[in-house]
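Working notes for the structure below.
Residues: numbered from 1 along the sequence shown. None of the values given here were measured: they were computed from a predicted structure.
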Amino acid sequence: MDFGNMMKFMGAWNTFRGNHPKFPAFCKAVYEKGIKEDTVIEIVVTTPDNERIETSLKVKESDLELLKSFGNMAP
């Protein structure tokens, strides 16, 4: 990622944090607790017209490897 794109990302991330101040704390709590194999992640999206779209996934070892590779990308 070049410097200009990184600056755009950081600006967008700062805006996101301002709009959703509890989300970074949630992410930190999940990170500190650790995601282990067989952890279940549930996602629910509610549209403005109140339609719910839901899914869940059970974390596998290969998922953990992918998450670790994302962590290695951090500066």
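- Under the 4.5 Å side-chain criterion, counting only non-hydrogen atoms from C-beta, Cys27 is not in contact with Val30.
- The list of salt bridge (Lys or Arg N to Asp or Glu O under 4.0 Å) pairs with a residue in residues 6-29, not counting sequence neighbours, reads Lys28-Glu32.
- We find the CG-CE distance between Asp2 and Met7 to be 11.5 Å, quoted to the nearest 0.5 Å.
- At least one side-chain heavy atom of Phe3 sits under 4.5 Å from a side-chain heavy atom of Met6.
- In this structure, the side chain to side chain contact (heavy atoms under 4.5 Å, CB included) partners of Phe16, at least two apart in sequence or on a different chain, are Trp13, His20, Phe23.
- Legend: residues meeting side chain to side chain contact (heavy atoms under 4.5 Å, CB included) with Asp49, ordered by chain and number and at least two apart, are Thr47, Glu51.
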Can you give me every donor-acceptor pair (side chain of residues 33-43, partner residue at least two apart or in another chain, under 3.5 Å) with its distance?
unit_1, atom_1, unit_2, atom_2, d
Lys36, NZ, Lys33, O, 3.2
Thr39, OG1, Lys36, N, 3.1
Thr39, OG1, Lys36, O, 2.7

Side-chain donor/acceptor pairs under 3.5 Å, residues 57-65, sequence neighbours excluded:
unit_1, atom_1, unit_2, atom_2, d
Asp63, OD2, Lys60, N, 2.7

